[in-house]
Amino acid sequence: MNPCFSSPTHGQPGRSGTAADQTRFIIRAAQSPDLISLAEILTDSFHSRAGLMGCVYPFLRMGIYEDIRHRLRTAGRHYVCLVALDPAVGESTDAPPHIVGTVEMTLRSSYSWQCKSFQYPYLSNLAVQRSARRQGVARQLLTACEGKALEWGFPDLYLHVLENNNQARRLYFKAGYRLQQVDAGLNSWLLGQPRRILLRKRLETSD
């Protein structure tokens with residue numbers, strides 16, 4: 001029986017780049033000075049500036065800023081927010097490397113009368129700056145999360161993607177993720193919104 005899940009979906013990650021791009025970026029844990037950049041990348045990836053949304057965009061960005069700040073301050077052992085840095089930006093100046101992407105990973109538990117409690121590492125908020133998409137940022141962040149999941153002692157990694165997000169689905173399937181289950185909630189049935197697809201990747205271990 002499939003485990004029961006309920007989690008938010010991803011936004012628009014960049015496509016995998018060439019082989020040379022796969023190690024181009026520096027991946028590290030997010031720090032407090034990164035918050036402004038992270039909030040901008042996430043807000044731009046998940047929300048539109050068109051029309052009336054442009055008026056509320058700064059408030060959405062502030063809300064995302066505070067959410068990330070809270071998660072970083074209260075992070076437990078099984079939570080990580082990673083950032084991708086482009087070392088090529090600022091090479092000729094004293095400026096720090098430029099943040100071009102981010103992803104979060106934590107342990108989640110499923111509780112349901114249908115299935116027993118099940119903990120699993122889950123990815124969320126994978127986002128790449130528009131100017132850095134299709135350069136391998138997302139793929140390198142995914143690879144870093146796979147290593148972290150194995151470090152935590154878990155052989156599988158899970159994420160959700162909307163069924164109509166074809167670009168993200170191609171990225172995840174190319175990275176080795178496979179269909180686990182399709183979540184058909186009330187919004188899909190009543191409002192015609194796209195369904196969420198749960199993907200799972202079996203990670204390679206050294207055993």
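For Y57 (side chain) and D44 (main-chain N/O), a donor-acceptor pair under 3.5 Å exists by modelled atom type. Remark: the backbone N or O of F25 is paired with a side-chain donor or acceptor of Q140 at under 3.5 angstrom. Side chain of T102 to main chain of L82: a donor-acceptor pair is present (N/O by atom type, distance under 3.5 Å, no hydrogens or angles).
With 3.5 Å as the limit, one finds no donor-acceptor pair spanning the side chains of N165 and E163. Checked by atom type, the side-chain pair H98/Q129 shows a donor-acceptor distance below 3.5 Å. Counting only N and O atoms by type, the side chains of Q135 and R24 include a donor and acceptor under 3.5 Å apart. In this model, no donor atom of one side chain and acceptor atom of the other lie less than 3.5 Å apart for Y122 and R108.
For R69, the side-chain hydrogen bond (donor to acceptor under 3.5 Å, both in side chains) partners at least two apart in sequence or on another chain are E66.
With rounding to the nearest 0.5 angstrom, the SG atom of C81 is 5.5 Å from the CG atom of L38. Atom CZ of R61 is separated from atom CD1 of I36 by 9.5 Å, given to the nearest 0.5 angstrom. Here L159 contributes atom CG and N125 contributes atom CG; the two are 12.0 Å apart, rounded to the nearest 0.5 Å.
Under 4.0 Å is where a charged nitrogen must lie from a carboxylate oxygen, and between R49 and E40 at least one such pair does.
The environment of M62 atom CE is sparse: at most 12 non-hydrogen atoms of other residues, nucleotides or ligands sit within 6.0 angstrom.
Of the listed residues (K201, R178, R200), just one forms a salt bridge (charged side-chain N to carboxylate O under 4.0 Å, His left out) with D156, and that residue is R200.
Here Y158 and Y120 bring their ring centres to under 6.0 angstrom of each other.
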